Amino acid sequence: MPRRKKTRRKEVNADVRYKDNEVATFISLLMWDGKKNLACRMFYESLDIIGKKTNEEPLAVFKKALNNVKPRVEVRARRVGGATYQIPVEVPSKRSLALAVRWMIKSARARKGKDMAERLVDEFLESAKGEGPSVKKREDTHKMAESNRAFAHYRW
């Protein structure tokens with residue numbers, strides 16, 4: 001029996017406009033220096049731009065992009081007999097969402113030349129098509145897990 005206390009997961013309140021927990025999580029991770037109002041404005045502005053550009057439901061494009069970036073497996077380091085092995089493990093849904101959001105925001109911030117709302121638009125549209133740096137990151141993670149599949153028996 002573990003001696004530590006169980007960690008309580010913080011409930012994420014749904015966002016104002018779409019009443020969606022994934023949107024609220026994205027906005028929270030997009031936030032910088034506690035400026036949530038600015039993060040909300042950037043995110044909603046980017047979805048408005050997507051709606052004008054594609055004539056599709058912007059929330060559906062965001063969800064599709066998020067699902068294209070979510071990893072299903074990742075590798076975890078495990079020491080066995082003095083050697084460290086990269087062991088592939090399935091990713092829980094909450095961690096999968098957190099990784100996808102983190103990768104999308106990081107790759108949007110890495111883009112140059114435009115304001116953040118435009119960079120988010122480009123990232124969402126590329127990810128929805130299955131392209132872009134955040135989708136490449138997921139593919140690299142899956143390749144790493146596939147190449148270390150021989151060590152899966154160390155998982156316990």
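Just so it is clear, the model here is predicted, and its values are computed rather than measured. We number each residue from 1, following the sequence as shown.
Looking at K64 and E56, no side-chain N of the basic residue comes within less than 4.0 Å of a carboxylate O on the acidic one, giving no salt bridge.
Under the 4.5 Å side-chain heavy-atom criterion for Ile, Leu, Val, Met, Phe, Trp and Tyr, V121 and L29 are members of the same hydrophobic cluster. By the rule that hydrophobic residues join a cluster once side-chain heavy atoms approach within less than 4.5 Å of another member, F62 and M31 end up as members of separate clusters. Placement of L30 and L38 within a single hydrophobic cluster is found when ILVMFWY residues are connected by side-chain heavy-atom separations under 4.5 Å, directly or transitively.
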field: Worked check of side chain to side chain donor-acceptor pair (under 3.5 Å) between E123 and S107
entry: CA-CA 7 Å; E123 189 61 38; S107 59; 3.1 Å; yes
Evaluation steps, side-chain contact (heavy atoms from CB on, under 4.5 Å), between N148 and I87: CA-CA 6 Å; N148 287 301; I87 300 172; over 6 Å; no
- request: Output, in order, the C-alpha distance, side-chain angles, deciding distance and verdict of side-chain contact (heavy atoms from CB on, under 4.5 Å) for Y85 and V75.
  value: CA-CA 9 Å; Y85 297 105; V75 290; over 6 Å; no
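One N or O on the side chain of S96 and one on the backbone of P71 form a donor-acceptor pair closer than 3.5 Å. Side-chain atoms of H142 come within 3.5 Å of backbone atoms of R72 as a donor-acceptor pair (strictly under, hydrogens ignored). Panel note: side chain R119, backbone R109; a donor-acceptor pair is recorded below 3.5 Å.
Exactly one residue among E118, K112, M116 makes a side-chain contact (heavy atoms from CB on, under 4.5 Å) with K114. That residue is E118. Of the candidates V135, L120, L66, N68, M104 forms a side-chain contact (heavy atoms from CB on, under 4.5 Å) with just one, namely L66.
Taking CG from L99 and NZ from K106, the interatomic distance works out to 11.5 Å, rounded to the nearest 0.5 Å. The CG atom of D48 sits 7.5 Å away from atom CD of E45, with the distance rounded to the nearest 0.5 Å.
Counting heavy atoms from C-beta on, the side chains of R78 and T84 never come closer than 4.5 Å. Counting heavy atoms from C-beta outward, V89 and V73 have side chains that stay 4.5 Å or more apart.
A cation-pi geometry, defined here as NZ or CZ lying under 6.0 Å from the six-membered ring centre and within 45° of its normal, holds between R17 and Y44.
Taking the six-membered ring wherever Trp is involved, the centroid distance between the rings of F26 and F124 falls below 6.0 Å.
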